[in-house]
Amino acid sequence: TLYRELEVRCAYHWHPAPRGSGYRSIVNDISTDPALARACGAAGVDPVHLPRPIIMFLNPGDVKVQHTNSSRIEVIVDEAAKQTSAFEHAMNRKQCLGWA
């Protein structure tokens, strides 16, 4: 799963701010991040259906998504502000139902 792939990738790169999150990012642009592609394969989803171009920044306590054709960055999870997006609510529901 994507969770396990990222757990291995980020094991020695999980530093609190202000260090950058470049190593912990997931890019779906010209090509699909290998971890994301494997997760899609395991889920039976064709990666061509994923939104492009995006970069997802994974940080301790927050997750942000940037559509690379704009400067807008969407906060998906912000533990410091206790904000969760509709995406996170949907993922939590899927996990509760055993879909994720």
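Side-chain atoms are counted along with the backbone in the values below, which use heavy atoms only and exclude waters and symmetry mates.
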Colleague: To the nearest 0.5 Å, tell me how far Ile26 CD1 sits from Glu5 CD.
Modeller: 10.0 Å
Colleague: About how many Å separate CE of Met56 and CD1 of Ile76, when rounded to the nearest 0.5 Å?
Modeller: 6.0 Å
Colleague: Look up atom CG in Leu50 and atom SG in Cys40, then write down how far apart they are to the nearest 0.5 Å.
Modeller: 4.0 Å
Colleague: Give me the atom names and distance for the closest heavy-atom approach of Pro47 to Thr32.
Modeller: CB-OG1, 4.1 Å
Colleague: Backbone N or O of Ala35 within a donor-acceptor pair of the Asp33 side chain at under 3.5 Å?
Modeller: yes
Colleague: To the closest 0.5 Å, what do you measure between CZ (Arg52) and CG (Asp29)?
Modeller: 7.5 Å
Colleague: From Leu2 CG over to Glu7 CD, what is the distance, rounded to the nearest 0.5 angstrom?
Modeller: 11.5 Å
Colleague: Determine, using the 4.5 Å side-chain heavy-atom cutoff (strictly less than), whether Val45 and Val27 are members of one ILVMFWY cluster.
Modeller: no
Colleague: If we ignore hydrogens and angles and just use 3.5 Å, is the side chain of Arg24 paired with the main-chain N or O of Leu58 as donor and acceptor?
Modeller: yes
Colleague: Strictly below 4.0 Å, N to O, side chains only: are Glu74 and Lys64 in salt-bridge contact?
Modeller: no
Colleague: Could you walk me through whether Ile73 and Val65 pass the side chain to side chain contact (heavy atoms under 4.5 Å, CB included) test, one step at a time?
Modeller: CA-CA 6 Å; Ile73 296 177; Val65 173; over 6 Å; no
Colleague: Could you tell me whether the side chain of Asn28 and the main chain of Pro51 form a donor-acceptor pair under 3.5 Å?
Modeller: yes
